[in-house]
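Notes for the one structure printed next.
Residue numbering restarts at 1 for every chain, and letters A, B, ... go by the order of the sequence lines.
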Number of protein chains: 2
Amino acid sequence: MQYDSKTPIYLQVITALKLDIINERIKSGEKLPSSRDLAVQYTINPNTAARVYQELEREGVCYTKRGMGTFVTEDMGKIKQCRQEMAKGCLEDFLKQINELGITKEEAIEMIKNTTK
Amino acid sequence: MQYDSKTPIYLQVITALKLDIINERIKSGEKLPSSRDLAVQYTINPNTAARVYQELEREGVCYTKRGMGTFVTEDMGKIKQCRQEMAKGCLEDFLKQINELGITKEEAIEMIKNTTK
DNA sequence: CATAGTGTACTATCTACATAGTACACAGAT
DNA sequence: ATCTGTGTACTATGTAGATAGTACACTATG
């Protein structure tokens, strides 16, 4: 994985895992890699990996069974809620930024339509 | 000014100043506050303020006359270019994020239309 | 020439982030 | 009971960002 130096790595890994969960690349109830394995996969420190799981657990997206591992929540509502929050967050950020740049919503929509992909 | 703890303060001040320049709240050729005054206005350290100006100068948005102060560039092309880059950046970020969330461009446009403001 | 305002260059300190390494506690399997 | 895999806790180190304080050099003005 390629990291953006402007934002803490642990936040970037959290986002990556949330997207895996939202897009069901990792399914509800499924076991996540151990913190040590996660550290290897993402080339981060085991401490940072542990921090990632603690934060995901705090947000209710995952839960931990000591000695067993960390698992994705079985509560699909939590996962949907997480997706909603992320969508809302990036929409609000976008609107705020274009507003500051003096770009109207209509112009922004045109810009989006004009993108090839 | 209110700062986001997730991003370095000096980057946030740089963005704020760029928006002032783009929106002509500070005009082309105009003198910017001294680094010491900027530090007071934004409640940051004089060193951080100096760093802000060094970065803006590196990007060609401002220039410095030693002993005189820092001024907005007279090159309107540079300012327009800066605005274009910021617009492009936030559009690309937005599209990337909604794509990762499994939201299509059409859905995103609907979301934007449905915002009140 | 003296002064005030300015950019610039240091050193020092503090915090958050990230890494490195070690140790311990719990759960399941053999 | 032992072993393995797991989460958890701790100390130590390095770096970047931010702050604090000081000092110096340049420019315009009086």
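- Rounded to the nearest 0.5 angstrom, B:C82 SG and B:K18 NZ are separated by 4.5 Å.
- A side-chain donor-acceptor contact under 3.5 Å links A:K105 and B:T115.
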Derivation of the side-chain contact (heavy atoms from CB on, under 4.5 Å) call for B:T104 and B:E107: CA-CA 5 Å; B:T104 64; B:E107 286 169 332; 3.3 Å; yes
Review item, side-chain donor-acceptor pairs of residues 38-48 of chain A, under 3.5 Å, at least two apart:
residue: A:N45; atom: OD1; partner: A:N47; partner atom: N; Å: 2.9
residue: A:N45; atom: OD1; partner: A:N47; partner atom: ND2; Å: 3.0

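- Atom CZ in A:R51 sits roughly 11 Å away from atom P in C:dT19 (whole-Å rounding).
- In this structure the side chain of A:F71 reaches within 4.5 angstrom of the side chain of A:K65, judged on heavy atoms.
- A:D37 places its CG atom 9 Å from the P atom of D:dG7, with the value rounded to the nearest Å.
- Remark: C1' of C:dT6 and CD of B:Q54 are 14 Å apart, rounded to the nearest angstrom.
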Could you list the protein-to-nucleotides 19-22 of chain D atom pairs, N/O on both sides, closer than 3.5 Å?
residue: D:dT19; atom: OP2; partner: B:N45; partner atom: N; Å: 3.1
residue: D:dT19; atom: OP2; partner: B:T48; partner atom: OG1; Å: 3.1
residue: D:dA20; atom: N7; partner: B:N45; partner atom: ND2; Å: 3.4
residue: D:dA20; atom: N7; partner: B:N47; partner atom: ND2; Å: 3.2
residue: D:dA20; atom: N6; partner: B:N47; partner atom: ND2; Å: 2.8
residue: D:dG21; atom: O6; partner: B:N47; partner atom: OD1; Å: 3.2
residue: D:dG21; atom: O6; partner: B:N47; partner atom: ND2; Å: 3.4

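- In this model, the phosphate group of C:dC17 is approached by a side-chain N or O of A:Y10 to a distance below 4.0 Å at OP1 or OP2.
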Please tabulate, one pair per line, each protein N/O and nucleotide N/O from nucleotides 27-30 of chain D that are separated by under 3.5 Å, including the distance.
none

Steps toward side-chain hydrogen bond (donor to acceptor under 3.5 Å, both in side chains) verdict (B:T7, B:Q12): CA-CA 7 Å; B:T7 39; B:Q12 297 181 54; 3.2 Å; yes
Derivation and outcome, side-chain hydrogen bond (donor to acceptor under 3.5 Å, both in side chains), residues B:T64 and B:E57: CA-CA 7 Å; B:T64 287; B:E57 185 172 11; 3.3 Å; yes
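- For the atom pair CD of B:E106 and CE of B:M111, the computed distance is 13.0 Å after rounding to the nearest 0.5 Å.
- Across the protein-nucleic acid pair, B:Y53 atom OH and C:dA9 atom C1' stand 19 Å apart, rounded to whole Å.
- Two residues, B:S35 and A:L11, neighbour DNA chain C, and the one matched to the more 5' nucleotide by heavy-atom proximity is B:S35.
- Looking at heavy-atom distances under 4.0 Å, B:K6 makes no contact with the nucleic acid at all.
- Summarising the geometry, the separation between CZ on B:F71 and P on C:dG5 is reported as 16 Å, rounded to the nearest angstrom.
- Of the listed nucleotides (D:dT8, C:dT6, D:dG17), D:dT8 has the atom at the smallest distance from the side chain of A:T64.
- The nearest whole Å value for the distance from the CG atom in A:L38 to the C1' atom in D:dT6 is 14 Å.
- Residue B:Y42 contributes atom OH, which lies 19 Å from atom C1' of D:dG17 at whole-angstrom precision.
- What you find for A:K78 and A:E59 is that their closest heavy atoms are NZ-O, 3.8 Å.
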